[in-house]
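A, B, ... follow the sequence lines: proteins, then strands. Residue 1 opens every chain. What you are looking at is a predicted structure, and each value in this text was computed from that prediction instead of being measured.
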Amino acid sequence: MFNKVRVRFAPSPTGGLHLGGVRTVLYNYLFAKKHGGDFIVRVEDTDQARFVEGAEEYIFKCLEWCGLVPDESVLHGGEYAPYRQSERKATYRQYAEQLVKDGYAYYAFDTPEELDAMRERLKTKGSHSLQYDHSIRMEMNNSLRLLPNETQELLDRGTPYVIRIKVNPNEFVLFTDMIRGDIEFDTNNVDDKVLLKADGMPTYHLAVVVDDYLMKISHAFRGEEWLPSAPVHILLWKYLFGLDAMPQWAHLPLILKPDGNGKLSKRDADRLGFPVYAMDWRDPKSSELTRGFKEIGFLPEAFINLLAVLGWNDGTEQEIFTLDELIEKFSIDKVHKGGAKFDFEKAKWYNQEWIKKLPVTNYELRIKEHLQANGILNIEEEYLLKVIELVKDRCTLLNDFYTQGAFFFQAPPTIDTDSVKAKWDEKKNLFFTELVRGYQFTPVWEHSELEREFKEIASANQLKPGELMLPFRIMLVGGKFGPGVFDIASMIGKEETIRRIEHSLSLLQ
RNA sequence: GCCGCGUUGGUCAAGGGGUUAAGACGCCUCCCUUUCACGGAGGAAUCACGGGUUCGAAUCCCGUACGUGGUACCA
């Protein structure tokens, strides 16, 4: 009988939720749901210096938007509460002390200045490593070097200290990563990481192991940037709970910036003009706003979809997946080892596909919001639906519905008369004057009737419809884009059509 | 510097000893369309490099290069 699958996403509430973070959530979620397991969100707020107001609520809002609902979290409750590490502070100390007692960890009293000095010393000595490790620890101010009574005295005096893991040299730490296979670390290269900070908070290293144990996590997914510290975690598992209880690890590939190299960061987004955060994030200190995928006009279905296939595919040609399909088809051994460069063009393509795939009613409200945000009020439901149907093929983002459809609601603010002027003459002027007169008496204001009449007046004036269509379009739309002209005319109605023709005519005088 | 991980077209990628090395995005050409899109047809890679192993390697092994991550009382 296997233990129940339990996975966790462990964000630290320090700012916007990065794309890579959402993908980590997604893979966690897919894996859990595929195996009938639980998806837990645990807030890793052990660094009080980096705490950011509102970041936690923001993360949950992003997850909600994405449709990735946790089974247990600070918000959703659960039997392993609390799910906020700052509220579990006392627990970690207990385990840290236990490690000291068992000889796997020690107290270190070195001040930050002393640590700097130590690194400086090693640097000038030409050392390969500047780490606080087995090679240097007997020269430092810690309970390993000090006599027991000296240590006790420092402790009694309330000297600030940290607890560090004692990594033995000349050993090999081996483990099997679900994505990368067997990985081996030489403990000579592993440093004595701080487990418990001077403020009594655990570092990530201690907290992740303790909580994964206490919360019965079965599989641990995290970014590749954690790989180098994996041996510390494995050692901790060995010393504290035994390797048998340890979850299986999976280190996910990174999402790289599209140009150059390196991890995709918020800076790149600003530079290249696309978002990296799931939703808008406003920094409470600087009040600087960083745009999110949601607000820029992405559908959550598309966002999830494009993230899922950035580093994973099911081996077939399928590219469009619903969440349910992803749950069904996801498998960890199809996840790539190498990082993937993020391609915003392809991201937009996914959104476009989802706009086409989803029923309009799914996102109609969001389009309405975009229109309203741009000053188009008084939107009638039925009319909006027709507009959406007419322009959706040319929209990749939700706010494209404004640029592609605004003229259905209001006269274009500018008319591209330059595109007309070159071939404009009195004959055409006359044609449109007659068209206005004709349209005034059109009995049925409808596509085919309008087109029939248009062509009739054209041939009466010995003009080809072809050379009149573009001017007509520009009069109604303002530029060279949009659906069929007669569709537009029939939509905006007789009065408005005539008004726009006359307005353009006056501009062309 | 040291340690780890990675490397198939511009990008995402299939492919795991014998293939004309899929497909998608983007780009270009053409068709459709009296606009723009949508849609359709086509064009562009010998798999980082060098050695092996093998009758045969993008696929296995070893080096090198390059990239990337870590090297904090941050996660």
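Y204(A) meets the side chain to side chain donor-acceptor pair (under 3.5 Å) test with R222(A); sequence neighbours excluded. Residues forming a side chain to side chain donor-acceptor pair (under 3.5 Å) with N170(A) (at least two apart in sequence, or on another chain): N188(A). Listed by chain and number, the residues in a ring-ring contact (aromatic ring centres under 6.0 Å, His included) with F408(A) amount to none (sequence neighbours excluded). Applying the ring-ring contact (aromatic ring centres under 6.0 Å, His included) test to H205(A) and every residue at least two apart in sequence or in another chain returns H233(A). Applying the side chain to side chain donor-acceptor pair (under 3.5 Å) test to Q94(A) and every residue at least two apart in sequence or in another chain returns nothing. By the side chain to side chain donor-acceptor pair (under 3.5 Å) test, S127(A) is found to be paired with no residue, residues two or more places apart in sequence or in another chain being considered.
Counting non-hydrogen atoms under 4.0 angstrom, D110(A) reaches a base of the nucleic acid. As judged by a 4.0 angstrom heavy-atom cut-off over every strand, I474(A) is placed among residues making no nucleic acid contact. No engagement by K348(A) is indicated, since no non-hydrogen atom pair under 4.0 Å with the nucleic acid exists. Among the heavy atoms of the strands lying under 4.0 Å from F185(A) are primed sugar atoms or P, OP1, OP2 only; no base atom is included. The residue L254(A) sits close only to the backbone: its heavy atoms come under 4.0 Å of sugar-phosphate atoms, none of a base. Across all strands, R119(A) comes closer than 4.0 Å only to sugar-phosphate atoms, never to a base (heavy-atom distances).
Listed by first and then second residue, the side-chain hydrogen bond (donor to acceptor under 3.5 Å, both in side chains) pairs involving residues 395-409 of chain A are T396(A)-D400(A) (not counting sequence neighbours). For the side-chain hydrogen bond (donor to acceptor under 3.5 Å, both in side chains) condition, the pairs that include at least one residue of residues 456-480 of chain A, sequence neighbours left out, are E434(A)-N461(A), R452(A)-E456(A).
Ring centers of W312(A) and F321(A): under 6.0 Å apart, within the cut-off. Taking the six-membered ring for Trp and the full ring otherwise, the centers of F274(A) and F342(A) sit less than 6.0 Å from each other. Taking the six-membered ring for Trp, Y27(A) and F330(A) have ring centres closer than 6.0 Å.
rC73(B) and rG52(B): their P atoms are spaced 48 Å apart (whole Å). Taking the P atom of each, rU54(B) and rC61(B) are spaced 16 Å apart, rounded to whole Å. Remark: the separation of the C1' atoms in rG9(B) and rA48(B) is 13 Å, to the nearest Å. Distance check on atom P: rU8(B) versus rU59(B) gives 12 Å, rounded to whole Å. Remark: the separation of the P atoms in rG23(B) and rA44(B) is 12 Å, to the nearest Å. With both ends at atom P, the span from rC38(B) to rC25(B) equals 10 Å, rounded to whole Å. Separation of the C1' atoms belonging to rC27(B) and rU19(B) is 27 Å when rounded to the nearest angstrom. Between the C1' atoms of rC47(B) and rU7(B), the separation comes to 10 Å (whole Å).
Cation-pi contact between R164(A) and Y132(A): present, with separation from the ring centre below 6.0 Å and deviation from the ring axis of at most 45°. Judged by the 6.0 Å and 45° rule, K421(A) forms no cation-pi pair with W424(A).
In this structure, CG of D199(A) is placed 18 Å from P of rA72(B), rounded to the nearest angstrom. Computed from coordinates, the Q48(A) CD to rA75(B) C1' distance equals 14 Å when rounded to whole Å. Taking atom CG of L227(A) as the reference point, atom P of rC2(B) lies 19 Å away to the nearest angstrom. Following rounding to the nearest Å, W226(A) (CH2) and rU71(B) (C1') show an atom-to-atom distance of 13 Å. Across the protein-nucleic acid pair, F9(A) atom CZ and rA75(B) atom C1' stand 11 Å apart, rounded to whole Å. The CZ-P distance, from F172(A) to rC3(B), rounds to 12 Å in whole Å. One atom, CD of Q131(A), and another, P of rC2(B), lie 13 Å apart when rounded to the nearest Å. Separating the NZ atom of K257(A) from the P atom of rU68(B) is a distance of 9 Å, rounded to the nearest angstrom.
Closest approach to the E317(A) side chain among rG69(B), rA72(B), rA22(B) is made by rA22(B) (side chain taken as heavy atoms from C-beta onward).
Scanning residues 50-57 of chain A for heavy-atom distances under 4.0 Å to RNA chain B yields R50(A).
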Problem - Pairing pattern in dot-bracket form [Watson-Crick, G-U; both distances under 3.5 Å; | = partner strand] for RNA chain B - result: ((((((((.[[[..)..(....]]].(((((.......)))))....[[[[[..)....]]]]])))))))....

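When every heavy atom of L310(A) is checked against every heavy atom of K341(A), the shortest pair comes out as CD2-O, 4.1 Å.
Nearest-nucleotide assignment on RNA chain B puts the 5′-proximal partner with W349(A), out of W349(A) and L115(A). Heavy-atom nearest nucleotides on RNA chain B were determined for E345(A) and for T111(A), and the one closer to the 5' end corresponds to E345(A).
For the OP1/OP2 pair of rC3(B) and a distance below 4.0 Å, the side-chain nitrogens and oxygens of S129(A) include no atom meeting the criterion.
Taking the six-membered ring where tryptophan is involved, the planes of F175(A) and F185(A) are essentially parallel, since the angle between them stays under 30° and well short of 60°.
The CZ atom of R267(A) sits 15.0 Å away from atom NZ of K263(A), with the distance rounded to the nearest 0.5 Å.
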Practice task
Starting at the 5' end of nucleotides 31-49 of chain B, put B wherever the base has a protein heavy atom under 4.0 Å, S where only the sugar-phosphate does, and a dash everywhere else.
Solution key: ---BBBBSS----------

Practice task
Could you run through nucleotides 6-20 of chain B and give me one letter per nucleotide, 5' to 3': B if any protein heavy atom sits under 4.0 Å from the base, S if only the sugar-phosphate is that close, - if neither?
Solution key: S----SSSSS-----

